[in-house]
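The structure appears right after this line, and notes come after that.
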Amino acid sequence: MPSKPTTTSFALLGLLGIKPWTAYEIVAQIKRGMHFFWPRSDAHLYAELKRLVERGHATAEVVDGRRKQATRYTITPEGRAALEEWFGSEPAAPLLEVEGFLRLFLGDQATKEDLRASLAATARQARDLYAKGTAVVQELLDTGGPFPQRLHLIERQSVFIGEFYRSLIEWCEQSIAEIEEWPETRDVGLTPKGRAQWERLLAEPEP
C-alpha cells in the first residue's frame, strides 16, 4: 500500500501544479525559496517524488537531459484533486525549530563559553541564510525570476523570513551580552532585566 501523503508531498505537488519538472530541477527550485521555510534533505525530496508516482498523484517520464537522461514528473488529475483537498483543510500549527534555543534552554548543564559559542554560531548561520535570501530577492527584482506572475506570493514569505533572521541575530547578540553578566550558568534565577522583559511582554496587546 502506498504511504499517506505528507505536507512535503503536497509541497511537491504544488510545484508540479505550476509545471512539470525533472527531479533535479524541482530540488534546485526548492533550494531557491521553499527551503527557507520548509527545509528537507535532497534525499527526502527525491524519495517523496517517487512516492507521488506510487500514489498515482504524478507520472514519471525518462527524458534526455543536458548530460544524461533525467526523470521528469508531471501532476495527474488525481494529484490535482488531492492538492485541492489539502488546500481545503486546516494547516498544522506553526513550529519553531532552532537548536540554539534548545541549547540555551538546557544551558545550566553547559558552560558560559559553550552557550556563547552556540549563540554566536546561530547568529552566523542566520546571517548566511539572510544573505542567501536577499541575493534571491535582488535577482527577482532585477529579472523577475522564472515565474514573475507569482511574485506577489513569494514576497509575503520573503519579508517575514528576512525579518525573522534579523530578529534572531539581534536576540543572539542580546543573549550573549546577558550571559556575560551571569556569574555562571546554574542557579541564577530571574534577573531584574529578565523580569522587566517578561513584564514588557505581558504589557503588549494581544495580537
Side-chain angles (χ1 to χ4, degrees), residues 1-99 125-126 129-130 132-165 167-168 207:
M1 289 288 293
S3 58
K4 259 186 95 175
T6 65
T7 304
T8 302
S9 311
F10 293 114
L12 292 169
L13 274 179
L15 288 175
L16 291 176
I18 298 171
K19 66 182 284 287
W21 306 82
T22 66
Y24 175 83
E25 289 171 338
I26 202 168
V27 170
Q29 182 65 26
I30 285 171
K31 287 181 177 178
R32 282 173 49 84
M34 192 182 296
H35 185 77
F36 286 97
F37 53 89
W38 197 257
R40 295 296 181 272
S41 70
D42 291 3
H44 181 84
L45 294 172
Y46 284 123
E48 190 56 45
L49 282 168
K50 293 178 180 178
R51 285 191 281 266
L52 292 181
V53 176
E54 292 172 1
R55 299 185 195 107
H57 291 168
T59 59
E61 174 190 10
V62 177
V63 297
D64 291 329
R66 291 181 180 177
R67 298 183 179 177
K68 60 181 181 178
Q69 290 187 321
T71 303
R72 181 169 61 202
Y73 293 86
T74 304
I75 195 170
T76 63
E78 292 80 8
R80 289 194 182 278
L83 188 61
E84 182 178 348
E85 183 178 350
W86 176 68
F87 272 116
S89 66
E90 182 171 322
L95 298 175
L96 181 64
E97 184 176 313
V98 181
E99 187 172 334
Q125 293 158 359
L129 289 165
Y130 182 86
K132 290 178 182 177
T134 52
V136 173
V137 169
Q138 186 63 62
E139 179 192 338
L140 294 176
L141 283 173
D142 292 342
T143 69
F147 304 105
Q149 73 277 14
R150 304 190 70 254
L151 293 183
H152 63 297
L153 305 170
I154 297 168
E155 178 270 335
R156 288 289 73 212
Q157 283 92 357
S158 61
V159 168
F160 174 85
I161 292 166
E163 291 176 350
F164 168 74
Y165 286 141
S167 296
L168 179 56

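All figures in this text were calculated on a predicted structure; none of them were measured in a lab.
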* Nearest 0.5 Å please: distance from the OG1 atom of Thr7 over to the CG atom of Leu12. => 11.0 Å
* **Pairs meeting criterion ring-ring contact (aromatic ring centres under 6.0 Å, His included) with involvement of residues 132-159, two or more places apart** => Trp21-Phe147
* To do: To the nearest 0.5 angstrom, please state how far the CG atom of Leu140 sits from the OG1 atom of Thr134.
  => 11.5 Å
* Structure fact -> Shortest non-hydrogen pair, Val53 vs Thr59, comes out as CG2-C, 4.2 Å
Please table the atom pairs, donor to acceptor, closer than 3.5 Å between any side-chain atom in residues 157-164 and protein atoms at least two apart or in another chain.
unit_1, atom_1, unit_2, atom_2, d
Ser158, OG, Ile154, O, 3.3
Ser158, OG, Glu155, O, 2.9

* Got a second to check how far His44's NE2 is from Thr6's OG1, nearest 0.5 Å? -> 5.0 Å
Side-chain donor-acceptor pairs of residues 27-35 under 3.5 Å, sequence neighbours excluded:
unit_1, atom_1, unit_2, atom_2, d
Lys31, NZ, Asp42, OD2, 3.1
Arg32, NH1, Glu139, OE1, 3.1
Arg32, NH1, Glu139, OE2, 3.3

* Could you go step by step and tell me if Leu16 and Leu52 meet the side chain to side chain contact (heavy atoms under 4.5 Å, CB included) rule? -> CA-CA 11 Å; Leu16 291 176; Leu52 292 181; 3.9 Å; yes
* If you take all heavy atoms of Ala126 and Leu168, which pair is closest and at what distance? -> CB-CD2, 4.0 Å
* Side-chain heavy-atom pair Ile26, Leu45 within 4.5 angstrom cut-off -> no
* Asked: Are Glu48 and Arg51 within salt-bridge range, i.e. N to O under 4.0 Å?
  -> yes
May I have the list of side-chain donor-acceptor pairs in residues 72-79 shorter than 3.5 Å, sequence neighbours left out?
unit_1, atom_1, unit_2, atom_2, d
Arg72, NH2, Glu61, OE1, 3.2
Thr76, OG1, Gly56, O, 2.6
Thr76, OG1, His57, O, 3.2
Thr76, OG1, Glu78, N, 3.4
Thr76, OG1, Glu78, OE1, 3.3
Thr76, OG1, Gly79, N, 3.0

* Non-neighbouring partners of Trp38 that pass ring-ring contact (aromatic ring centres under 6.0 Å, His included), sequence neighbours left out -> none
* To do: Might you confirm whether atom CG of Leu96 has over 12 heavy atoms from other residues, nucleotides or ligands at distances under 6.0 Å?
  => yes
* To do: With sequence neighbours excluded, give me every ring-ring contact (aromatic ring centres under 6.0 Å, His included) pair touching residues 75-98.
  => Phe10-Trp86
* Asked: Can you name the nearest heavy-atom pair linking Gly145 to Pro148, along with the distance?
  -> O-CD, 3.5 Å
* Asked: Under 6.0 Å from the CD atom of Gln149, do we count more than 12 heavy atoms belonging to anything else shown?
  -> yes
* Asked: Taking atom NZ of Lys19 as the centre, does the number of heavy atoms from other residues, nucleotides or ligands within less than 6.0 Å exceed 12?
  -> yes
* Would you name the heavy atoms of Ala60 and Thr71 that are closest together and state the gap between them? => CB-CG2, 3.7 Å
* Heavy-atom pair of closest approach, residues Tyr46 and Ala23 -> CE2-CB, 3.4 Å
